[in-house]
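Structure first, commentary second.
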Amino acid sequence: MTTANPTTTPTLTTNATDHSARLDERYGYQVFSIGSYTFQRDEYFVRVSYPRGTYVADVGAFLRAMMRDVAWGFFYGWVNFDDVFGTVNHYGSVDVFVGAYNAGYKAAGTDFTERFDANKLLACFRALLSDWTNAGYDPFAAPLETGSPYGSKNGNNDEAVNFQRELAERFVGLPGDSELRTDARGFPVNRQFADVEQDEPEVHCEPGFEGELAAFSLFAYLSRSPVTWNPSIVSVVGESAYCPTSEEHILPILHGNDRVEWFLQLTDEITWQIADKNTAAPRAIVTMKAGDVCAMPADISHRGYSPKRSMLLVWENMTPGLEQRYASGELAPTAAEF
Ligand code: PHB
Ligand code: FE
């Protein structure tokens, strides 16, 4: 195994300065700077300059990843945009890294990490996402259901980039909580779920329990999800959250979890690419078919490939401080030892 170059280990203090932006006349997009990073895009690519080099990536893939990072408030643990660039959530502060979890970059000494105040970084990423997303392109949509991310600046699509996922506080359908998805609320059945039955269960509760009992068809609910790879929350019991989602094409991030996370494949299939969280070395390819359940370990990154729109239940343990218990080794990275 390659060992890290000790001179590349950063001493991290939190940078809480605002970002700045200036116009790039060539393409009409803003160039964003925060700390020692500068982000600029052209018709096809993003370039991120950092003190030890330049990272370049397809701008469509970058915007799809950025959309999730922003909408999920930096999510749990690592949001890798690819094997090189990404963020690590420290819940209040966030690291932006290039190559810091890639054995090749570490060996070459071209890795870099800078820590930011979470709100300052979020403001920068939000502004970038809004400016770089053109009219007709929705970074949350499946590629077959949206326009192109490419070309020079052409309007914007703030309605899409401000899409709010539905986060039930207790359970979908309880009074005051997330509502069922219906045509009237602007959630038509997706083209690939036209065969999903739409009946809802009848709820008859004992007197005295009115308003405390709810039931709904999760399949009907998910058949009406307008976006992909964007878990909503449908139930919360203690620190346990059911986060189902509809998936099509590629999960735009490689999620490096800071805890064990359960997947239940509800329909169709997803192939998962699993890699070592620290080096990006490939570890496994797992295909989950309808009915399969798995517990993703806490020491890997995972990226899903869904050839057809599918339904996935992601089950998250939101117990505060869990990330430290895994990081310190108190908890084993896998849910079971074989
Ligand atoms: C995950 O990283 O576990 C994840 C994220 C979004 C999804 C599914 C899974 O839609
Ligand atoms: Fe995950």
Side-chain angles (χ1 to χ4, degrees), residues 61 63-83 86-89 101 138-143 145 163-167 190 192-193 218 221-234 240-278 280 283-290 292-319 322-323 326-327 333-335:
L63 290 174
R64 289 193 286 275
M66 184 60 91
M67 180 77 252
R68 274 73 186 176
D69 213 14
V70 165
W72 304 343
F74 305 112
F75 208 32
Y76 297 101
W78 285 249
V79 172
N80 301 281
F81 286 38
D82 55 18
D83 284 348
T87 59
V88 190
N89 195 352
Y101 303 93
D138 178 353
F140 258 141
E145 297 189 335
F163 180 86
Q164 295 289 322
R165 59 196 182 126
E166 294 175 281
L167 303 176
N190 182 266
Q192 294 205 340
F193 290 137
L218 183 58
Y221 187 83
L222 288 174
S223 73
R224 293 171 177 276
S225 167
V227 296
T228 56
W229 306 104
N230 185 37
S232 42
I233 296 184
V234 297
S240 161
Y242 267 7
C243 312
T245 151
S246 67
E247 319 295 44
E248 183 176 330
H249 189 233
I250 304 174
L251 173 57
I253 62 157
L254 291 83
H255 182 212
N257 216 344
D258 59 12
R259 63 200 66 205
V260 170
E261 177 181 49
W262 291 78
F263 291 162
L264 282 77
Q265 189 69 38
L266 299 179
T267 72
D268 305 282
E269 67 177 57
I270 295 178
T271 296
W272 290 95
Q273 239 174 18
I274 322 284
D276 183 289
K277 192 165 74 179
N278 290 309
R283 239 166 84 172
I285 304 276
V286 176
T287 296
M288 294 183 66
K289 295 179 187 291
D292 288 347
V293 179
C294 83
M296 285 287 169
D299 60 354
I300 52 100
S301 71
H302 47 268
R303 162 171 265 181
Y305 292 73
S306 186
K308 176 181 179 305
R309 208 172 187 92
S310 69
M311 298 183 185
L312 174 72
L313 178 59
V314 180
W315 183 17
E316 292 285 1
N317 184 341
M318 304 190 295
T319 304
L322 206 52
E323 69 282 5
Y326 280 107
T334 47

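Numbering of ligands and ligand atoms starts at 1, following listing order.
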Practice problem: Kindly say whether S310 contributes a backbone atom to a donor-acceptor pair with the side chain of D268 at under 3.5 angstrom? | Solution: no
Quiz item: Quick one: angle E261 OE1 - the Fe ion (ligand 2) - H302 NE2, to the nearest 10°?
Solution: 90°
Quiz item: Is there a donor-acceptor pair closer than 3.5 Å between any side-chain N or O of H249 and the backbone N or O of A141?
Solution: no
Quiz prompt | Flag, side chain of R259 to backbone of N317, donor-acceptor distance under 3.5 Å | solution = yes
Quiz prompt | N/O/S atom name from H255 that is nearest to the position of the Fe ion (ligand 2) | solution = ND1
Quiz item: Can you check whether S306's main-chain N or O pairs, donor with acceptor, with E247's side chain at less than 3.5 Å?
Solution: no
Quiz item: Angle class for the W315/W262 ring planes (parallel below 30°, perpendicular above 60°, tilted otherwise)?
Solution: tilted
Exercise. Give me the ring orientation class for F75 and H255: parallel if the planes are under 30° apart, tilted from 30 to 60°, perpendicular past 60°.
Key: tilted
Quiz item: Salt bridge check: are R303 and D83 linked by an N-O gap of less than 4.0 Å?
Solution: no
Are there any N/O pairs under 3.5 Å between ligand 1 and the protein, and if so, what are their distances?
residue, atom, partner, partner atom, Å
ligand 1, 2 (O), H255, ND1, 3.0
ligand 1, 2 (O), H302, NE2, 3.3
ligand 1, 3 (O), E261, OE1, 2.9
ligand 1, 3 (O), E261, OE2, 3.1
ligand 1, 3 (O), H302, NE2, 3.1
ligand 1, 10 (O), T245, OG1, 3.3
ligand 1, 10 (O), E247, OE1, 3.4
ligand 1, 10 (O), E247, OE2, 2.6

